[in-house]
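Following: one structure in structure tokens, then a few remarks.
To find a chain, count down the sequence lines: A is the first, B the second, and so on, and within it residues start at 1. No hydrogens, no waters, no symmetry mates; every other heavy atom, side chains included, goes into these values. Model, not experiment: these values are computed from the prediction.
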Protein chains: 2
Amino acid sequence: MPDETTFTERELDVMSILWRLGSGTVSEVRAELPGEPGYTSVLKFLQILEEKGHVRHEKEGRAHRYFPTVAAEEAGRSALGRVVDKIFHGSAELALARLVEERPLSRGELARMRRILDELAAEEEEEQ
Amino acid sequence: MPDETTFTERELDVMSILWRLGSGTVSEVRAELPGEPGYTSVLKFLQILEEKGHVRHEKEGRAHRYFPTVAAEEAGRSALGRVVDKIFHGSAELALARLVEERPLSRGELARMRRILDELAAEEEEEQ
DNA sequence: CCAGGCATACGAAACCCTTCGTAAGATATG
DNA sequence: CATATCTTACGAAGGGTTTCGTATGCCTGG
């Protein structure tokens, strides 16, 4: 069974930073974490994430550099699926309605979002 | 401080059922929960949710009927905001791209989703 | 080569979540 | 009114998460 990509609160904080930076050492990740956790706490988070298979590391000088092994896209798909199922009864439409009112969208972003749906509709048309 | 509407795994299971049914007694909720939890477990979930202010109850016969005090829309907005922030670096566009590929969309649902964005774009146009 | 300092490893404390067992309260029926 | 039954109330066990303290390992500069 391919284990569902789900993260605890703190694990998600750490993964979020790794996805944004691409990779990170304990110090780098720690600098971005809210709440000023201790150095060894951050190390432990990364060790647990590695044990669970969500990150890997390479040696770099005397430290370790950690890389995500699961892409943000995959984790995002999984998270959105859970939200849609549990909160919106499986309706992507309802989810979109909340998504667009959740924060202000720039004109450009809205245009690109419309294009995503336009292209999807065109594909469906085609393979009718 | 308005407490962030966040739920644990099991709490979300229960809230999901209450949102879908509108309300529920312990027995009704229990019948919908996966994993066949014990009766008193479900009771405890509801009591904890009430303590946290996420549900309230009314007396009905000898039992209690529980109602959500937080709307699915509000919880959904909050959950989507967290996903967009933590996983998609604040990009609603990236979130939409994953949302539409996460499950098959019916022709009608896609059309309604396009309409949501069309109307939003029209509004922006207008208030330029 | 040796020491100072940075990094990892390990384990444990504190806390929260999940689950249920037992006791006590209330309701309907004979 | 008594009792069987359904329901709530309370507390606690077990497991996972978060956090850090202490011990140990290892580059790097002098």
Applying side-chain contact (heavy atoms from CB on, under 4.5 Å) to A:E119 and not counting sequence neighbours gives A:R115

Within residues 59-67 of chain A, the residues having a heavy atom closer than 4.0 Å to DNA chain C are A:R62, A:A63, A:H64

In numerical order, the residues of residues 23-34 of chain B whose heavy atoms come under 4.0 Å of DNA chain C are none

Below 4.5 Å, heavy atoms only, C-beta onward: do [X] and [Y] meet side chain to side chain?
X	Y	answer
A:L105	B:L120	yes
B:L117	B:L96	yes
A:V70	A:K52	no

Please state how far atom [atom1] in [X] lies from atom [atom2] in [N], giving the value in whole angstrom units.
X	N	atom1	atom2	answer
A:L43	D:dT22	CG	C1'	13 Å
A:L46	D:dT17	CG	P	16 Å
A:E36	D:dT19	CD	P	13 Å

Taking the basic N atoms (NZ, or NE/NH1/NH2) and the acidic carboxylate oxygens, is any pair closer than 4.0 Å for B:E102 and A:R82? no

Carboxylate-amine/guanidinium contact A:R114 B:E93, below 4.0 Å | no

Where is the tightest heavy-atom contact between [X] and [Y], given as atom of each residue plus distance?
X	Y	answer
A:A95	B:L80	O-CD1, 3.3 Å
B:R98	A:R77	O-CG, 3.8 Å
B:I87	A:A79	CD1-CB, 4.0 Å
A:R10	A:F45	CG-CZ, 3.4 Å

- [ ] Give a yes/no answer on whether the side chain of B:Q47 brings an N or O atom under 4.0 Å of OP1 or OP2 in D:dA9.
- [x] yes

Are any of B:Y39's side-chain N or O atoms less than 4.0 Å away from OP1 or OP2 of C:dG21? no

Rounded to 10°, the angle between the first-five-pair and last-five-pair axes of the helix from C:dC1-D:dG30 to C:dG30-D:dC1 is 0°

Atom pairs, protein N/O to nucleotides 16-19 of chain C N/O, distance under 3.5 Å:
| unit_1 | atom_1 | unit_2 | atom_2 | d |
| --- | --- | --- | --- | --- |
| C:dT18 | OP1 | B:E9 | N | 3.4 |
| C:dT18 | OP1 | B:R10 | N | 3.1 |
| C:dT18 | OP2 | B:T8 | OG1 | 2.6 |
| C:dT19 | OP2 | B:R10 | NE | 2.7 |

Side-chain donor-acceptor contacts of residues 33-42 of chain B below 3.5 Å, not counting sequence neighbours, with atom names and distances?
none

Which class fits the ring pair A:Y66 and A:H57: parallel under 30°, tilted 30 to 60°, perpendicular over 60°? tilted

Distance-only polar pair, side chains of A:R56 and A:T69, donor-acceptor under 3.5 Å = no

